[in-house]
Amino acid sequence: MSKIIDLRSDTVTRPSAGMIAAMSAAPVGDDVWGDDPTVNRLQAMMAEATGKEAALFFPSGTQSNLAGLMSHCERGDEYIVGQMAHTYRWEGGGAAVLGSIQPQPIEQEADGTMPLAKIATAIKPFGPGLGTHFARTRLLTLENTWGGRVLPQTYVLEAAELARGKGLNVHLDGARAFNAAVASETTIAEILAPFDSASLCISKGLSAPVGAVLVGERAFIERAHRWRKMLGGGMRQAGYVAAACIYALENNVERLHDDHENAAALAAGLRDVEQITVLAQATNVVFLNIPEAHAKQLEAFLKDRGMLMQGVYAARLVTHLDVSLADVDAFVVAVKDYFNGVAK
Ligand SMILES: *Cc1c(COP(=O)(O)O)cnc(C)c1O
């Protein structure tokens, strides 16, 4: 059977032969006891690369974000977050359910930013003489990239300054922050500099099978370590997956450029198709508007040809390590074939 071209997400990559070799060669220990050398190496690497004091390995970005929120906020505290942000909308309500932390969502602009004036108004008065009405606003959470877009760094700096001025900490959901760094031709440390903490996924474009890393100050990471245990994230010979993450960091960061170029080529190709609209393309993500009458049939037509896309929440195509420029071209041809067939 020929290759599947899977544009549903950058989470679908399979470990390469090199990555599997690195995994099988990894020295391991019991990470719950802190003696897995490969996990420790990954954590040291990530702390160093991000310019933060410490790092902690997690099975998923959801758990890493949640432990991060729980390490910043106590029961009855509040975090300010985008209405459509992953840490609010796409993580099952974990902060409220498991952390007793109240989200204060704010409507975002199309570029993912929350207007600074709205952030300022959402921060509740708290302290002696200010009454007992409100949750204590403790944290501002941003997300970069946002729908593939890199958040403007000037905005990030202004938002962080505003939050700090009000005594809040600032957390980044940086699931795809490496894409932001590569697209901006800067370092991950620079992207993360305005933040007290960040959660980074290694299982998205970086193509490890499993893994996320939380970074921040040492005392913060120590708190997160205890929450990770409580959340069931203590893993034993986790060095096998940490080795995949190290391999990903050493081999798959710079090549994110290719994914960004392939996404641009995909968007360019699809702009020639009259019946669909390319709404946006940034880094490795393309958003489309497909007429409702065609969405399901197109998906089925492509599936028959070994091409996968998902149009459930929004027609979003994502390029990654297992999608080549030739694959992108083949995908565009198939979309054109579908519409030519329909027209006949
Ligand atoms: C994928 C993702 C996460 C974490 O997801 P996991 O699947 O739990 O690793 C968090 N935020 C954003 C923006 C994401 O895309």
Side-chain angles (χ1 to χ4, degrees), residues 6-13 15 42 46 55-70 72 79 81-95 97-99 103 105 108 111-114 139-151 156 170-183 188 191-192 195 197-215 224 227-228 231-233 235 238 241-242 244-245 248-249 252 256 259 263 280 282-287 310 312-314 316-321:
D6 193 343
L7 292 167
R8 290 173 304 168
S9 178
D10 50 7
T11 56
V12 300
T13 56
L42 169 66
M46 285 297 283
L56 190 64
F57 187 43
F58 281 82
S60 72
T62 297
Q63 195 180 78
S64 168
N65 272 324
L66 177 57
L69 295 179
M70 291 171 78
H72 283 298
Y79 70 114
V81 62
Q83 181 71 47
M84 296 300 285
H86 206 280
T87 46
Y88 170 57
R89 202 174 180 97
W90 301 84
E91 294 180 7
V97 175
L98 300 165
Q108 292 155 279
D111 66 358
T113 60
M114 295 172 261
L139 184 70
L140 172 67
T141 303
L142 303 183
E143 183 175 321
N144 200 6
T145 59
W146 169 259
R149 286 204 208 193
V150 181
L151 279 189
V156 172
V170 193
H171 173 76
L172 176 70
D173 176 0
R176 295 187 178 83
F178 279 99
N179 293 82
V182 166
I188 190 72
I191 295 287
L192 267 46
F195 296 93
S197 61
S199 167
L200 304 162
C201 285
I202 319 295
S203 63
K204 302 272 165 90
L206 296 184
S207 306
V210 173
V213 177
L214 183 70
V215 297
W227 290 125
R228 186 186 71 175
L231 295 170
M235 300 183 286
V241 270
C245 293
L249 291 164
N252 296 342
L256 291 173
D259 296 344
T283 63
N284 65 335
V285 184
V286 181
F287 283 102
Q310 67 96 10
V312 185
Y313 304 110
R316 186 191 75 158
L317 307 175
V318 188
T319 55
H320 52 76
L321 179 63

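In each ligand, atom 1 is the first atom listed, and ligand 1 is the first ligand listed.
For the 3.5 Å distance criterion, the side chains of T141 and H171 fail to qualify, holding no donor opposite an acceptor.
The backbone N or O of T319 lies less than 3.5 Å from a partner atom in the side chain of N284, making a donor-acceptor pair. A donor-acceptor contact shorter than 3.5 Å links the side chain of N252 to the backbone of L206. Q63 places no side-chain N or O within donor-acceptor distance of the main-chain N or O of R228, the cut-off being under 3.5 Å.
Rounded to the nearest 0.5 angstrom, W227 CH2 and L69 CG are separated by 12.0 Å.
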Pairs under 3.5 Å, nitrogen or oxygen of ligand 1 with protein nitrogen or oxygen:
unit_1: ligand 1; atom_1: 8 (O); unit_2: G61; atom_2: N; d: 3.4
unit_1: ligand 1; atom_1: 8 (O); unit_2: T62; atom_2: N; d: 2.8
unit_1: ligand 1; atom_1: 8 (O); unit_2: T62; atom_2: OG1; d: 2.6
unit_1: ligand 1; atom_1: 9 (O); unit_2: G61; atom_2: N; d: 2.8
unit_1: ligand 1; atom_1: 11 (N); unit_2: H86; atom_2: ND1; d: 3.3
unit_1: ligand 1; atom_1: 11 (N); unit_2: D173; atom_2: OD1; d: 3.1
unit_1: ligand 1; atom_1: 11 (N); unit_2: D173; atom_2: OD2; d: 2.6
unit_1: ligand 1; atom_1: 15 (O); unit_2: R176; atom_2: NH1; d: 3.0
unit_1: ligand 1; atom_1: 15 (O); unit_2: K204; atom_2: NZ; d: 2.8

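H320 pairs by the ring-ring contact (aromatic ring centres under 6.0 Å, His included) definition with nothing, not counting sequence neighbours.
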